[in-house]
Structure formats: structure tokens, C-alpha cells
Amino acid sequence: MNFRKITMVGLLLSSLAGCSSLSSVDNNVPKVTISEGGVISQNGAVYTVKASNKLVTPKLGQYIGFRYAVEIPDGASDELKGKTAFPITARMTHPKLVNPATKQATTVSTWSDTMYKHDKNLALWQFSEPYELISGSWVFELLYKDQVVAKREFTVANNEQLNQSLKNTFETAFMLNSTRSWLTQNGDALVCDKAKSKRCLQFSSTEECNQTLSRYNSMCQQIALKQMGRGDEITSAKEEMKKYVSYFFYCMHSARINEAKLDKKQVHACLKG
């Protein structure tokens with residue numbers, strides 16, 4: 001009995017059943033939406049975001065942060081509707097940073113900023129000193145009237161500080177990050193471009209296959225990630241990627257089988273044949 005596959009099917013079915021929880025909305029607080037985040041480079045007045053899911057490798061002089069939009073929510077008070085600029089507090093929670101000049105250590109840094117009612121806002125933390133480039137978890141938050149309105153987590157990796165064991169772990173994370181980014185754009189096509197897959201999953205055309213499976217791309221990436229956290233320990237980055245893609249395919253196939261009520265045994269036999 002393949003326990004992993006049973007677990008994956010359970011995850012898949014619970015995800016398909018889905019239950020979304022809606023958090024309450026404060027109509028007197030601007031609505032903030034993060035559009036992209038990662039390492040940010042500056043060239044004059046132009047800031048370029050190298051989008052990343054979480055793992056980042058900034059260099060001295062670069063930033064980490066995110067681009068975000070600010071809107072006025074429906075039902076907002078007249079006072080809020082009349083505003084276009086909002087004073088905020090930026091807060092970065094980070095590994096312990098020790099200033100070599102003052103010997104002062106900090107794990108939380110805060111500063112005042114302003115966000116505006118448009119979609120071109122930038123939240124930036126610059127690595128301006130070598131002692132700030134510390135590997136670990138960095139959490140960037142924006143607060144309006146003491147309420148967190150935006151949050152982005154980063155895992156910063158400074159290769160010069162990592163021992164070989166950690167480098168292997170981060171290498172796997174890098175490859176996983178790249179693979180997930182690629183699958184986000186091409187995951188359903190990877191399945192649908194194969195004639196056998198379309199035939200076994202009973203799609204009449206590549207277009208129908210793409211339209212159907214694109215709905216499950218994000219969900220299957222999450223399920224594949226959960227499966228990778230079970231069982232065997234990491235052997236190599238390459239092997240981890242093989243496992244990840246294998247779980248992703250299995251999930252996409254299972255989603256189609258469940259949706260179209262296909263015979264699971266027949267489909268698997270067809271795919272193996």
C-alpha cells in the first residue's frame with residue numbers, strides 16, 4: 001500500500017472540497033494588496049523587482065521588499081475616502097544584527113513611511129552594511145494605526161555564511177523556487193502537450209486540457225510541497241526536484257480523474273502503457 005499516494009489523494013479531495021475562511025474587513029483601514037516581492041535593484045529612480053516566492057539572495061546595496069497597491073474599501077468612512085496619503089510604520093523582524101561600531105544588537109527595526117492611493121508603492125529594506133546580510137528569516141510588515149495591513153516573509157541566504165550542509169539545503173530551496181515559478185506558467189501545458197496524457201485523461205483537445213488543468217496548478221504545487229515534507233530525508237537537489245514534479249503530476253492527474261469521474265485504474269494503466 002502506497003501511504004504517500006493515499007495521503008496525497010486525501011489532501012487533493014480536501015482541497016477540492018475547499019473551505020475558505022473570510023476575515024473581517026475594517027472599512028476605516030485602506031486595502032493593501034501586494035503585487036510582487038523579492039530582491040529589488042535600483043538604477044537611478046527605477047526600481048526593478050526580481051520576483052521570488054520566498055527565498056532571496058540579496059547583495060550589498062540591494063533591497064528586499066515588495067510592490068503594493070492601496071485602495072479605499074467599499075463602505076469606507078467619508079474621512080478615509082478623502083485621503084490619498086496614509087502615514088504608516090514599516091517593521092522588519094530579522095535575525096540578530098550587531099552593529100560593529102556601536103556593538104548594539106537588534107532583532108526588530110522600525111521606521112516611519114507613507115503609502116499612497118495608487119498601485120506603485122514600494123516597501124524597501126536596503127542592505128547597506130555587510131553586517132546586515134545575515135541568513136535567516138526576515139518578516140516585513142506595514143502597519144497603519146497599529147494594524148498590520150501588509151506582510152511578506154523572506155528567507156535570506158548569504159552563501160558566504162553557510163556551511164556545506166546549509167548550502168545543500170538552500171540549493172534545494174533555490175531549485176524548488178525556480179521549478180515552482182516555471183510550473184506556475186507551464187505546469188498544465190507540461191501535461192497537456194503529451195498526446196498520451198490527453199488521451200488517457202479524455203481531453204478532446206490541448207486547449208480543453210489547458211483550460212481545465214490550469215485551475216488546479218496552484219493547488220497541486222501546494223500539495224506537492226506538503227508531500228515533500230514527509231518521509232525520506234533530502235538526498236540531493238536534483239532528486240528533490242524529481243519528487244516534486246512527480247507529486248505535481250500525480251495531483252494534476254487525480255484532479256482530472258475526480259472532476260470527470262474517470263476510472264482511476266484505467267487511467268493509471270493507460271498512462272503507464
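Predicted model only: the values in this text are computed from it and were never measured. Each residue takes its place number in the sequence, starting with 1.
- Between Y68 and E36, the side chains place no donor N or O within less than 3.5 Å of an acceptor N or O (distance only, hydrogens not considered).
- Closest of all the heavy-atom pairs between L271 and H253 is CD1-ND1, 3.5 Å.
- Between I134 and P95, the shortest heavy-atom distance links the atoms CG2-CB, 3.7 Å.
- In this structure the side chain of N121 never reaches within 4.5 angstrom of the side chain of D119, judged on heavy atoms.
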Full working for side-chain contact (heavy atoms from CB on, under 4.5 Å) between L201 and V267
CA-CA 7 Å; L201 296 172; V267 172; 3.8 Å; yes
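- The cluster map of Ile, Leu, Val, Met, Phe, Trp and Tyr, joined by side-chain heavy atoms under 4.5 Å apart, puts F127 and V98 in different clusters.
- Under the 3.5 Å distance criterion, the side-chain polar atoms of S35 are matched with a main-chain donor or acceptor of R67.
- Salt bridge annotation for E259-R215: present, with a cationic side-chain nitrogen under 4.0 angstrom from a carboxylate oxygen.
- At most 12 non-hydrogen atoms from other residues, nucleotides or ligands lie less than 6.0 angstrom from NZ of K31.
- The backbone N or O of G44 lies less than 3.5 Å from a partner atom in the side chain of Q42, making a donor-acceptor pair.
- In the hydrophobic clustering (ILVMFWY side chains linked at under 4.5 Å, chained through shared members), Y47 is joined by I40, V49, Y63, L122, L124.
- The shortest distance between side-chain heavy atoms of M115 and V32 falls below 4.5 Å.
- A single hydrophobic cluster is seen to contain both Y131 and L133, as judged by linkage of ILVMFWY side chains at heavy-atom distances under 4.5 Å, directly or through other members.
- When side chains are defined from C-beta on, R256 counts as touching L262, because their heavy atoms get closer than 4.5 Å.
- Closest non-hydrogen pair, V191 versus S197, comes out as O-CB, 3.3 Å.
- Ring pair Y116/H118 is parallel by interplanar angle, where below 30° counts as parallel and above 60° as perpendicular.
- Once rounded to the nearest 0.5 Å, the distance linking OG of S41 with NZ of K50 reads 8.5 Å.
- V108 and W111 are assigned to two separate hydrophobic clusters, defined by single-linkage of ILVMFWY side chains at heavy-atom distances under 4.5 Å.
- Placement of V56 and L60 within a single hydrophobic cluster is found when ILVMFWY residues are connected by side-chain heavy-atom separations under 4.5 Å, directly or transitively.
- Contact of the F248 side chain with the Y216 side chain is not registered, since no non-hydrogen atoms from C-beta on lie closer than 4.5 Å.
- One finds the CD1 atom of I257 at 12.5 Å from the CE atom of M252 (value rounded to the nearest 0.5 Å).
- Residues A101 and N99 come closest through the heavy atom pair N-OD1, 2.8 Å.
- Of the charged side-chain nitrogens involved, none lies within less than 4.0 Å of a carboxylate oxygen, so that K117 and E71 do not count as a salt-bridged pair.
- Looking at T106 and K96, their side chains never bring a donor and an acceptor atom within 3.5 Å of each other.
- Looking at every heavy atom in both residues, V139 comes nearest to K151 through CG1-CE, 3.6 Å.
- Y250 and H268 have tilted rings, their planes meeting at an angle from 30° to 60° on a 0 to 90° scale.
- Put simply, the side chain of Q147 never gets that close to the backbone of L143: no donor and acceptor are under 3.5 Å apart.
- More than 12 heavy atoms of other residues, nucleotides or ligands sit less than 6.0 Å from atom CG of D263.
- Annotation: F66 is not in aromatic contact with W138 [ring centroid separation under 6.0 Å not met].
- In this model, a donor atom of one side chain and an acceptor atom of the other lie less than 3.5 Å apart for S109 and H94.
- Closest heavy-atom contact between V149 and P30: CG1-O, 4.4 Å.
- Judged as a salt bridge (Lys or Arg N to Asp or Glu O under 4.0 Å), not a single pair has a partner in residues 97-107 (not counting sequence neighbours).
- In this structure, the side chain of T212 does not engage the main chain of C209 through any donor-acceptor pair within 3.5 Å.
- Q62 places no side-chain N or O within 3.5 Å of a backbone atom of P58 that could act as its donor or acceptor partner.
- Looking at heavy atoms from C-beta onward, R152 lies in side-chain contact with F154 at the 4.5 angstrom threshold.
- Of the inter-residue distances, the one linking C251 atom SG with F249 atom CZ reads 12.0 Å to the nearest 0.5 angstrom.
- For the pair S137 and T155, the minimum side-chain heavy-atom distance is 4.5 Å or more.
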Show me the side-chain donor-acceptor pairs of residues 78-93 shorter than 3.5 Å, one per line, residues at least two apart or across chains.
unit_1	atom_1	unit_2	atom_2	d
R91	NE	E141	OE1	2.9
R91	NH2	E141	OE1	3.0

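- Between D193 and T206, some side-chain heavy-atom pair lies under the 4.5 Å cut-off.
- Remark: C270 SG to Q202 CD distance equals 8.5 Å, nearest 0.5 Å.
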